[in-house]
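Atoms considered below: every heavy atom in the structure, side chains included; atoms not considered: hydrogens, waters and symmetry mates.
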Amino acid sequence: MTDAPDQSSIRAAVERRLARRHRAERRFQAYGIGAIALAVVFLVVLIGSIVLQAIPAFTQYTLTLPVTIQEEMADPQGDRSEQSLRAGSYNRLLQLSLQDQFPSVTGRSELRELFGLYTAVNAATLLRQVVENPDLVGETIEFSMPISDDADLYLKGLTTGERFIGHQTPIELVLDGGDATLTAQAPVFEPFLAGLREDIVAAAEAAEARARDAAARAEAAVTEDERAAAQAEAERARVEAEALRARLEEGAEIALGPQMASLMVRAGDGVVKIERIFDGGRTAEGTVLIAPDAAGTLSSWTEWRLETPPAGRRISDAQIVWTRVLEERGLVTSGPNWLLFTNADSREPELAGVRGAIIGSVLTMIVTMLMAVPVGVGTAIYLEEFAPKNRFTDLIEVNINNLAAVPSIVFGLLGLAVFINLFGMPRSAPLVGGFVLALMTLPTVIISSRAALKAVPPSIREAALGVGASRTQAVFAHVLPMAMPGIMTGSIIGLAQALGETAPLLMIGMVAFIADPPTLGMSGLTEPATVMPVQIFLWSSGAERAFEAKTAAAILILLVLMVLFNAVAIYLRRRFERRW
């Protein structure tokens, strides 16, 4: 006789096991929620950083000038013919209009700086307006154009730190041609000098540190050439440090250089750029950038500090002053940057847009869709519904599955060798790009279409065959409509993936600079074009800082297009979805 099991101990053991299972389930759920939250955080950080970088690209400062279309410049032959109008000097008209705003600017170098506030390419827009309307010759029109990218970034506060400090201490202004002397009884420039001295001390200490490092390298050098180079570097750093220390001597004159913050004095409409400060911060000498109404004693004036040294920015002090003055006169205004969507690519960042890349992407995707979807769906139908099950069919299926994992650049090499080198098709054309992307998308379309066909219940086929339908009728009249949501979803996702591809298109020359967008039609299929991913690649390597924001903006536009593609896929799947 055996003892009956203790029911209470069994129940306790079961409860302990249940408790462990429940704790394990809760941990698993917590890990899943944590993984999702981490992914969401990374996604938010990624999208947020792109949006923050792209915001400056969606607005732009525009320069509007009253331009007089002088007949002798716009119509040199005097007959108002198109040939004569196209021979006109329209950039000179823009230069004269801008020079009228600053009559005191006469020197060649100063004029070059002034005309740098816009790009000469804008003259082509003025030419087009005059050619379309010859009656403008002799008239004065308001002509708007984007200001230079450097001035645009400055006005957006992205490149230059600046401060305005008002003063009520009287100061004496003496003008001598283009030079100016400012003298005050109090050391009005001393606060600026104090900050400048701190910068000079920091620069001197950095130079001394470089001298010590170079001297140490000279002692440890193995060859004579290395020792001589290190000693020369150490000597240069010591000389630089001594020169900087000399500036700090009491009573010494401080000359503002390109490595230091800039200082300007503004009184009324005039602006003087300070170049030297001495007499303990009571006297300063400089150059007149904008001539004041009158010299003499100024009761109130403004100290204009540009914290970013000229060597650290692409816009000069004079261009900053002229830009601010034009803004105060209402000639420089901010607004939406429509050129980003209406222009094609350009060497000038303020004129660069994505229109050409969008049209190229649309043409390329049309070719890809027309090639990949019918061929892919037809292949899937044959393999799934009609092909015999033998080794040859298995070999085809294995190769299709392997092709889906082949790197995309391999398809670019294939397109280069076959379509361009063998068949002689044009480089950089959407037609070739579409063929290459179709080859890359085909395995995805075939695999997703076969999965959708396989998901249709066999009872649908059997019912159709049972009522006398042929196999072809059963497939095309019953099975295919049922599988269509899955086929469309897979095809659109494959096309969306192709929309974001760059590597295969680089191989067939779609990385070329395309200033004119291709025609949105049949002829555009063979014209040189680029696509959105390649445009982003080109802008990301641009030297100008304005291309940073353009790159982020183009990424956002591409993401929007891909989200739209996926939204269409979801809508179609739900719209045609069948349940059984």
Any heavy-atom pair between the side chains of [Y] and [X] that's under 4.5 Å?
| X | Y | answer |
| --- | --- | --- |
| Val354 | Met532 | yes |
| Trp322 | Gln101 | no |
| Tyr61 | Glu327 | yes |
| Leu85 | Leu127 | no |
| Thr160 | Ile320 | yes |
| Arg210 | Glu240 | yes |
| Ile165 | Arg305 | yes |
| Thr119 | Leu351 | yes |

Quick one: [atom1] on [X] to [atom2] on [Y], what's the gap to the nearest 0.5 Å?
| X | Y | atom1 | atom2 | value |
| --- | --- | --- | --- | --- |
| Ser316 | Asp150 | OG | CG | 9.5 Å |
| Thr530 | Gln535 | OG1 | CD | 5.5 Å |
| Ile277 | Leu193 | CD1 | CG | 4.5 Å |
| Leu256 | Arg276 | CG | CZ | 10.5 Å |
| Asn343 | Asn337 | CG | CG | 8.5 Å |
| Phe189 | Arg282 | CZ | CZ | 12.0 Å |

| field | Asn91 versus Tyr118, side-chain donor and acceptor atoms under 3.5 Å | value |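 Looking only at side-chain atoms, Asn91 and Tyr118 do form a donor-acceptor pair, the distance falling under 3.5 Å.
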
Whether the side chain of [X] engages the backbone of [Y] through a donor-acceptor N/O pair (distance < 3.5 Å, no angle test) should be reported.
| X | Y | result |
| --- | --- | --- |
| Glu303 | Leu263 | no |
| Arg545 | Leu158 | yes |
| Ser84 | Ser81 | no |
| Glu139 | Thr68 | no |
| Asp75 | Arg80 | yes |
| Ser428 | Gly509 | yes |

| said: Set out, in order, the CA-CA distance, both residues' side-chain angles and the distance that settles side chain to side chain donor-acceptor pair (under 3.5 Å) for Thr62 and Ser144, then state yes or no. | reply: CA-CA 6 Å; Thr62 302; Ser144 297; over 6 Å; no

| message | Walk me through whether Asp149 and Phe547 qualify under side-chain contact (heavy atoms from CB on, under 4.5 Å). | response | CA-CA 9 Å; Asp149 60 304; Phe547 277 124; over 6 Å; no

Note: [X]-[Y] ion pair, threshold 4.0 Å (strictly below):
| X | Y | result |
| --- | --- | --- |
| Glu285 | Lys273 | no |
| Arg347 | Glu544 | no |
| Arg108 | Glu113 | no |
| Arg245 | Glu242 | no |

| Candidate pair Arg128 and Tyr90, rule side chain to side chain donor-acceptor pair (under 3.5 Å), full reasoning | CA-CA 10 Å; Arg128 189 163 53 249; Tyr90 296 93; over 6 Å; no

Closest heavy-atom pair and its distance - [X], [Y]:
| X | Y | answer |
| --- | --- | --- |
| Pro430 | Gly360 | CB-O, 4.4 Å |
| Ile315 | Ala151 | CD1-CA, 3.7 Å |
| Ala57 | Leu340 | O-CD2, 4.0 Å |
| Pro517 | Gly356 | CB-CA, 3.6 Å |
| Gly161 | Thr308 | N-OG1, 3.0 Å |
| Pro191 | Pro187 | CD-O, 4.0 Å |

| said: Just checking Glu142: does its CD atom have more than 12 heavy atoms from other residues, nucleotides or ligands closer to it than 6.0 angstrom? | reply: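 Buried by this count: over 12 neighbours within 6.0 Å.
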
| Taking only residues at least two apart or on different chains, which pairs with a member in residues 228-238 satisfy side-chain hydrogen bond (donor to acceptor under 3.5 Å, both in side chains)? |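 Output for this query lists Arg217-Glu233, Glu235-Arg238.
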
| All pairs passing side-chain hydrogen bond (donor to acceptor under 3.5 Å, both in side chains) where residues 254-266 contributes a residue, at least two apart |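 Listed once each, the pairs are Ser262-Arg313, Ser262-Asp317, Arg266-Glu328.
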
| request: Given side chain to side chain donor-acceptor pair (under 3.5 Å), test Thr297 with Glu172 step by step and report yes or no. | output: CA-CA 4 Å; Thr297 303; Glu172 188 72 15; 2.6 Å; yes

| query | Is NZ or CZ of Arg329 both nearer than 6.0 Å to the six-membered ring centre of Phe102 and within 45° of the ring axis? | reply |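 Checked: cation-pi criterion met.
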
| Is there a side chain to side chain donor-acceptor pair (under 3.5 Å) between Glu275 and Thr287 once you walk through the steps? | CA-CA 7 Å; Glu275 296 175 344; Thr287 304; 2.6 Å; yes

| For Pro309, what residues pass the side-chain contact (heavy atoms from CB on, under 4.5 Å) criterion, not counting sequence neighbours? |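 Here no residue qualifies.
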
| request: For salt bridge (charged side-chain N to carboxylate O under 4.0 Å, His left out), just list the numbers for Arg324 and Glu162, CA-CA rounded to whole Å, side-chain angles, deciding distance to a tenth of an Å, and then say yes or no. | output: CA-CA 12 Å; Arg324 282 294 182 195; Glu162 60 182 353; 2.6 Å; yes

